[in-house]
Amino acid sequence: MHTLPMYPTILIDLVGSGLMILITFLALRYAYFLSTLDSKNFIWGFLFYFCMAMAAFSISRGVGHILKQILVLSGHKETWKVFSPYSGGFNTTLMIYLYAVIIYYHKGLAAYEAIQEEASKLFTANKKLEDATGELQKMNVQLEDMVEERTRELSESEKKFRHFFENSQDMVYFCNSEGSISDINQSGLEMLGYKEWPKDLNILDIFNKESELETYVKALHEKGFVRDFEIEIHNADGDPLQVVITANAVRDDNGKMIGCEGIAKDLTRLKNVMAQLADKQKLASVGQLAAGVAHEINTPLGVILGYSQLMKEDFPEDDDNYESMVVIERQAKACRKIVADLLKFSRQGLSEKTYMQLNEIIQDVVAVTEHGLNIDHIMVTRKYSEGMPFIFCDVEKLRQVFINLINNAHHAMEEGGEIIISTRTCADGQEVEVVVEDTGKGIPDDVRSKIFEPFFTTKAVGKGTGLGLSVSYGIIQDHGGTITVESPVAGKDHPGTAFTIHLPVASEQPSAESFESVLKLH
Amino acid sequence: MKIIRHHLFKIIPFTVTFLLLGLSGVAQAFQAHGAPEGLYVHQMSHVLFMCGLAYLYWHTRRTAALVSKGWRYLRSYCVLLILWNILAFTGHAIETILVPDDFLNSGSWGSVMLEPLTLPKIVFYIVKMDHLLCVPAAFFLLFSLRTFYLEHKGEE
């Protein structure tokens with residue numbers, strides 16, 4: 001009889017059951033690790049759940065099989081019959097349970113995929129957002145760089161304009177619509193004579209002439225600017241200043257004027273120089289004219305004088321004709337003196353120059369004139385500088401200049417006063433200066449520009465020829481010097497007048513011995 | 001641990017319900033259940049389990065994202081376990097037609113299957129060695145989980 005032994009199946013059943021339990025638990029262990037790595041992952045959750053069910057099924061089935069083999073082989077088949085339904089029931093249930101888990105996977109995975117899809121969309125959106133943020137950050141950095149660069153450029157520009165503003169030699173100002181100055185540079189303050197900026201300073205208040213102010217305001221409001229507008233203003237001390245002003249109106253978005261900005265250049269000095277040049281030109285013309293006239297008159301005048309002297313001898317002294325001839329001779333001589341003065345003014349006269357110290361000439365003149373001055377209560381104050389260099393000059397002519405100046409000062413102070421004569425070396429030792437200043441009533445503006453003109457006088461008829469200052473002017477010009485007048489005198493309590501003469505120092509300075517010999521000659 | 005606790009909350013009520021209603025001796029159901037019902041239910045559970053595995057195989061294969069080595073192991077597991085279910089199902093079916101006289105010395109190591117060795121007997125003999133299928137299947141499950149774990153850990 002052929003039989004088939006069943007022990008291989010028993011053996012495989014026992015070993016296989018054990019292995020199933022072992023292997024499924026190992027799988028469960030990895031599933032657990034997986035779920036701990038990423039607890040939010042549905043797939044790993046499902047596998048963990050599935051492995052748990054599989055492990056339970058392996059235990060149920062494996063333990064059942066092993067128990068069966070043990071009980072049956074040990075002769076306890078009846079006992080196994082008690083456990084058998086439980087084992088089978090567990091196995092059945094766990095297989096259904098495994099099925100349920102797989103179905104759970106089906107639904108869960110769909111939900112998980114939907115979530116994943118949303119997460120993917122969210123991720124994509126986040127990525128886009130991140131990219132956009134990155135782009136934005138990049139743009140922000142670029143913007144910051146641009147702002148930094150613009151700020152740097154602005155700073156440089158501001159520095160440049162601030163430098164221009166602060167170092168400009170002209171007045172640069174900014175003011176509001178009422179003219180109140182909101183900012184002004186140091187040159188402007190100095191021009192206006194302020195050490196510190198007075199906060200209530202108003203550009204409209206410094207105009208001297210109402211008509212110029214009106215023109216300035218009107219031009220700013222209507223045209224929006226003024227260009228090279230010459231005006232007269234005054235400084236903090238009230239002294240007039242000639243300035244040329246260029247200003248622009250500052251307007252808001254609506255075109256309303258909210259202020260103005262401008263530059264003003266001080267032309268006072270330039271104007272004075274120009275006026276002096278004009279005077280010089282005029283005096284030079286007059287001098288040439290006077291020289292021509294003098295030459296033409298001198299000859300017939302000499303004839304008149306000669307004939308009058310000859311004819312005078314033809315009449316007895318008590319004769320009326322004799323008296324007439326004397327009058328003709330006297331008037332002819334007066335005319336000749338005038339002609340001589342005219343020639344001196346026009347520098348046509350003879351000149352004898354020598355080395356001399358200015359103080360010596362002035363001392364001689366003061367010595368002669370002081371007595372007469374003192375009678376009229378005029379005091380002479382001497383402020384001579386010591387050790388002044390020699391000048392090469394016509395001593396007589398210079399004496400005449402100083403006599404003229406002192407006489408003029410005398411006439412200006414009929415009720416007494418003071419004449420201050422000061423000398424000094426200036427222009428780095430290249431020039432000497434003498435100032436003859438009085439405390440008189442000063443010279444009116446309209447007269448000041450004419451005082452060096454020949455025959456111009458404010459004295460009564462017959463009291464002056466009007467040639468004193470013009471002759472003095474001619475003499476100083478002949479010596480290569482300058483003579484200027486200042487009236488009223490700045491910084492003094494009285495109006496007064498000051499004549500300032502500059503003369504060049506001699507190119508060669510004589511020794512003390514030769515100077516003594518010169519003094520003896522004079 | 002949180003996951004285990006979470007799963008236990010689902011398993012315990014399910015198991016208690018099963019024990020209360022599923023005890024064959026003291027069944028609480030109103031309907032009477034004869035002896036073959038247990039076998040039928042068990043066979044149905046094999047079919048259900050097999051269907052579940054087939055679905056798992058089909059779904060993991062058609063899902064483009066599940067192409068890694070771990071999923072291939074899992075699909076091998078599904079195939080082997082489906083075969084095991086068929087084998088077990090067949091074994092349970094054949095068991096009903098075999099009689100004690102077909103065996104000698106039952107309940108001992110010396111137990112043998114008597115001739116004639118009909119097809120049902122041979123099939124029964126083979127299906128009694130079903131562990132030759134389910135143990136490799138369990139290995140594939142282990143390989144699958146291990147591969148997933150190593151891959152995921154590598155990513156981490």
Side-chain angles (χ1 to χ4, degrees), chain A residues 1-10 12-13 15-17 19-20 23-24 26-39 41 43-45 47-49 51-54 56 58 72-73 75 77 85-86 88-89 91-103 105-106 109, chain B residues 2-4 7 10-11 14-15 18 22-25 38-39 41-42 44-46 48-53 55-56 59 63 66 74 85 103-117 121-122 125 128-132 134-135 138-139 141-142 144-146 148-149 152-153 156:
Chain A
M1 184 182 236
H2 293 286
T3 58
L4 198 61
M6 293 300 289
Y7 69 86
T9 62
I10 296 169
I12 288 171
D13 195 33
V15 175
S17 296
L19 281 174
M20 276 296 285
I23 294 164
T24 52
L26 283 173
L28 177 63
R29 179 170 168 267
Y30 281 116
Y32 171 72
F33 289 157
L34 262 176
S35 61
T36 54
L37 278 180
D38 184 2
S39 60
N41 189 311
I43 301 285
W44 306 153
L47 287 174
F48 176 71
Y49 205 17
C51 287
M52 273 189 74
M54 195 64 201
S58 298
V72 170
L73 290 174
K77 199 172 182 178
Y86 292 104
N91 292 345
T92 304
T93 305
L94 286 171
M95 277 195 289
I96 295 169
Y97 186 60
L98 277 163
Y99 168 74
V101 170
I102 294 170
I103 296 304
Y105 159 80
H106 166 69
L109 187 64
Chain B
K2 195 175 176 182
I3 289 173
I4 294 171
H7 292 307
K10 291 180 180 178
I11 293 165
F14 198 82
T15 309
F18 165 75
L23 290 172
S24 59
L39 178 63
V41 170
H42 189 79
M44 285 177 195
S45 72
H46 272 292
L48 281 176
F49 189 25
M50 199 161 52
C51 289
L53 290 166
Y55 168 75
L56 190 61
H59 190 272
T63 304
L66 309 179
L74 191 71
N85 271 292
F103 299 93
L104 186 65
N105 298 327
S106 293
S108 69
W109 285 102
S111 173
V112 292
M113 187 182 275
L114 298 172
E115 284 192 338
L117 293 177
K121 284 183 181 175
I122 293 168
Y125 192 84
K128 286 297 277 183
M129 295 186 287
D130 62 338
H131 281 101
L132 294 176
C134 66
V135 170
F139 267 115
L141 180 65
L142 174 63
S144 171
L145 269 298
R146 184 173 176 275
F148 286 142
Y149 171 70
H152 198 61
K153 195 179 180 186
E156 290 284 312

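Model, not experiment: these values are computed from the prediction. Every chain is numbered from 1 and lettered A, B, ... according to where its sequence line falls, protein lines coming before strand lines. What you see below is based on every heavy atom in this structure, not just the backbone, and it leaves out hydrogens, waters and symmetry mates.
- Interface summary for chain A: among I122(B), L56(B), L132(B), L74(B), the most heavy-atom pairs under 4.5 angstrom belong to L56(B).
- Results of the ring pair (Phe, Tyr, Trp, His ring centres under 6.0 Å) test with F148(B) over F33(A), W44(A), Y30(A) single out W44(A) as the only residue that passes.
- Proximity to chain B is limited to the side chain of I43(A), based on heavy atoms less than 4.5 angstrom apart.
- From M129(B), atom CE reaches atom CD1 of I12(A) across 5.0 Å, with rounding to the nearest 0.5 Å.
- For a residue to count as touching a neighbouring chain, one of its non-hydrogen atoms must lie under 4.5 Å from one of that chain's; by this rule N105(B) does not touch chain A.
- The line from CG of L141(B) to CG of L47(A) is 8.0 Å long, rounded to the nearest 0.5 Å.
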Check against side chain to side chain contact (heavy atoms under 4.5 Å, CB included), H131(B) and V15(A): CA-CA 9 Å; H131(B) 281 101; V15(A) 175; over 6 Å; no
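- Contact count versus chain B (heavy atoms, under 4.5 Å) is highest, among L26(A), V72(A), L73(A), for L73(A).
- Taking the side chain as every heavy atom from C-beta outward, M95(A) and N85(B) approach each other to under 4.5 Å.
- If you measure heavy-atom distances from S17(A) to chain B, the contacts under 4.5 Å come from both the backbone and the side chain.
- Distance CD/E115(B) to OG1/T3(A): 7.5 Å, rounded to 0.5 Å.
- Side-chain contact between Y125(B) and M6(A) is present, with at least one heavy-atom pair separated by less than 4.5 Å.
- The OG1 atom of T92(A) lies 12.5 Å from the CZ atom of F49(B); values are rounded to the nearest 0.5 Å.
- Taken to the nearest 0.5 Å, the NE2 atom of H152(B) stands 6.0 Å off from the CG atom of N41(A).
- Contacts between L39(B) and chain A at a heavy-atom distance below 4.5 Å are absent for every atom of the residue.
- Of the possible polar contacts, none joining the Y149(B) side chain to the S35(A) backbone as a donor-acceptor pair under 3.5 Å is found.
- Here the CZ atom belonging to R146(B) is positioned 12.0 Å from the CG atom belonging to L34(A), to the nearest 0.5 angstrom.
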